[in-house]
Novice: 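One structure is given below, represented as structure tokens, and several questions about it will come after.
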Protein chains: 2
Amino acid sequence: MRALPPTTVARLPGYLRSLGGLASEGVTTTSSDQLAELVGASPAQLRKDLSYLGAGGRRGVGYEVDHLRRQIAQALGMAEERQVVIVGIGNLGHALATYSGFADRGFVLVGLFDTHRDLVGTTVGGHEVQHVDHLERVIEETEASIAVVATPGSAAQATTDRLVAAGITGILNFAPRTVRVPDGVDVREVDLGSELQILGFHARQRSVAPAPAPADGAPVAASPVAAAD
Amino acid sequence: MRALPPTTVARLPGYLRSLGGLASEGVTTTSSDQLAELVGASPAQLRKDLSYLGAGGRRGVGYEVDHLRRQIAQALGMAEERQVVIVGIGNLGHALATYSGFADRGFVLVGLFDTHRDLVGTTVGGHEVQHVDHLERVIEETEASIAVVATPGSAAQATTDRLVAAGITGILNFAPRTVRVPDGVDVREVDLGSELQILGFHARQRSVAPAPAPADGAPVAASPVAAAD
DNA sequence: CAATGTGAATTATTTCACAGCC
DNA sequence: GGCTGTGAAATAATTCACATTG
């Protein structure tokens, strides 16, 4: 019918996580109120999101936890295995390579790559680090479709170009640089520095503004906090 | 006069990064077209974002790079130093602790914490890892306002509660669990697993749908790709 | 004349509120 | 009676398009 709004897609993994928590506690049925509380969303938003999936909640009863999990998992493509490569095995790449969350989400790590002589040949998280020279060959052989870029910023765009040329269609970019990709390729940018700066913005607001709005009382009439000073 | 939309705030770090790139190439003046191309946004959006800041662009000319940088940096609170603590020095926490981007963005690392006996006392990125027992004291003494949570998911909420009680007002949460905070505290959730799953969703779309929409031709009439099957 | 700044139009997202079903 | 599903309303974000200005 209709495509899922991107905002909905972005919330599904969180729903799935909370449902997993419920399941492990033996809960078999839940409600939009309960689940919304767990994920920190509004019940209405949750119901709307789930309705896009055609998640068969029963009125007066709620949602069946297991069924909902399967449905979200399927929407997220977790039914099929996806091969993932990581390029750039520095501190962050190392941490990502040893991240335990790949397997249980249907992702299979099929290659680690770097250019540094002293890294190539070492084993990280059970995988041997290969030289990026072999990138294209490995991607072809393993049919990898997703890549994690954890290179220095200076290498991010060139790396991305090679990955795309080799057939990668989804890129998770941790390098502190926005990478450009052609249509049809999907990028998610994750940048620690940017996240900190966003927190910094709010921290500044707090220090410039008087009070951060009392829990739910008087609406702090028109505080003259301009963006710049 | 008006507050910046959150979406605008989230884009500012990227603008700042690209402006830094321009500056290091010796560029002194730029246009919304040029900058938009660099950051991957539309020129109109860029102009609107910058206009919120009161960024004094000159019509017919463009923006002065240095001035714009200062203005964005100030909006993001980079003028003041902010003290940051990291809780959870596993693989990821270790990588974050050695991340070089703190200093140049006005963030000062003032404490690393963990519970593991064999980690406490070791030095990571020039800082000694302390036991979380000392968390409250250090936050008070250093006046830290921002915390990075890189604990296992099971410890994330309890850690967050302690941080908030100790006065932290901004939290960057890498643990795979949504944490709840009271009003007035700011949280950014960053979860590798979720990001991968979002990429997984699009990968599935590609495999289920025929073609990923030709660059700009026939609009692929009503592809019957429902969310679930 | 080139490029910003910005109201107006458009599109997307969230919230409301209630009918419908269990 | 309780809780979902969903149109309709409200809000937010983006894009358009053009008057404005150096």
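Since this is a predicted model, take the numbers as computed values, not measurements.
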Novice: Consider the side chain of A/Ser51, meaning its heavy atoms from C-beta on, and name the nucleotide among D/dT6, D/dC3, D/dA13 that approaches it most closely.
Specialist: D/dT6

Novice: Could you give the OH-to-C1' distance, from B/Tyr52 to C/dT6, as a whole number of Å?
Specialist: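 One finds 10 Å between C1' of C/dT6 and OH of B/Tyr52, rounded.
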
Novice: Counting heavy atoms not belonging to B/Glu143, are there more than 12 under 6.0 Å from its CD?
Specialist: no

Novice: Taking OP1 and OP2 of C/dT4, is either one under 4.0 Å from a side-chain nitrogen or oxygen of B/Ser32?
Specialist: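 So the side chain of B/Ser32 is within the cut-off, an N or O lying under 4.0 Å from OP1 or OP2 of C/dT4.
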
Novice: Mapping A/Thr7 and B/Gly56 onto DNA chain C by nearest heavy atom, which one lands closer to the 5' end?
Specialist: B/Gly56

Novice: Quick one: A/Leu4 CG to C/dA12 P, roughly how many Å, whole number?
Specialist: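 Whole-Å distance recorded here is 14 Å.
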
Novice: Does the protein touch nucleotides 15-22 of chain D at the base, only the backbone, or not at all? Give it as B, S and - per nucleotide, heavy atoms under 4.0 Å.
Specialist: BBB-BBBB

Novice: Quiz question: by atom type and distance under 3.5 Å, do the side chains of A/Arg17 and B/Thr178 form a donor-acceptor pair?
Specialist: yes

Novice: Provide, to the nearest angstrom, the distance between the CG atom belonging to B/Leu50 and the P atom belonging to C/dT4.
Specialist: 9 Å

Novice: Would you classify B/Ala55 as touching base, sugar-phosphate or nothing, given that sugar-phosphate means primed atoms plus P, OP1 and OP2, and contacts are heavy atoms under 4.0 Å?
Specialist: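 Counting heavy atoms under 4.0 Å across all strands, the contact made by B/Ala55 is with sugar-phosphate only.
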
Novice: If I take atom CD in residue A/Glu64 and atom C1' in nucleotide C/dC22, what distance separates them, rounded to the nearest angstrom?
Specialist: 15 Å

Novice: Please check if the side chain of B/Ser18 supplies one atom and the backbone of B/Tyr15 the other of a donor-acceptor pair under 3.5 Å.
Specialist: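 No.
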
Novice: Are more than 12 heavy atoms from other residues, nucleotides or ligands located less than 6.0 Å from atom CD of A/Glu81?
Specialist: no

Novice: Just the rounded figure in Å: distance from C1' of C/dA3 to CG of B/Leu46.
Specialist: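 Going from B/Leu46 (CG) to C/dA3 (C1'), I get 13 Å.
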
Novice: Ignoring backbone atoms, test whether B/Tyr63 places a side-chain nitrogen or oxygen under 4.0 Å from the OP1 or OP2 oxygen of C/dG5.
Specialist: yes

Novice: So does B/Gln74 get a backbone contact from the side chain of A/Arg204, meaning a donor-acceptor N/O pair under 3.5 Å?
Specialist: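 Side chain of A/Arg204 to backbone of B/Gln74: a pair is present.
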
Novice: Can you check the B/Leu35 CG to C/dG5 P distance for me, whole Å?
Specialist: 13 Å

Novice: When we call it a touch if two heavy atoms are under 4.0 Å apart, what does B/Pro6 touch: a base, just sugar-phosphate, or nothing?
Specialist: sugar-phosphate

Novice: Take atom CG of A/Asp33 and atom P of D/dT4, then tell me their distance rounded to the nearest Å.
Specialist: 7 Å

Novice: Can you tell me the distance, in whole Å, between the CG atom of A/Leu53 and the P atom of D/dG5?
Specialist: 11 Å

Novice: Any donor and acceptor pair, going by atom type alone, linking the side chain of B/Glu189 with main-chain N or O of B/Val179 inside 3.5 Å?
Specialist: yes

Novice: Keeping A/Gln157 on the side-chain end and A/Arg180 on the backbone end, is there a donor-acceptor pair under 3.5 Å?
Specialist: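 Yes: the side chain of A/Gln157 pairs with the backbone of A/Arg180.
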
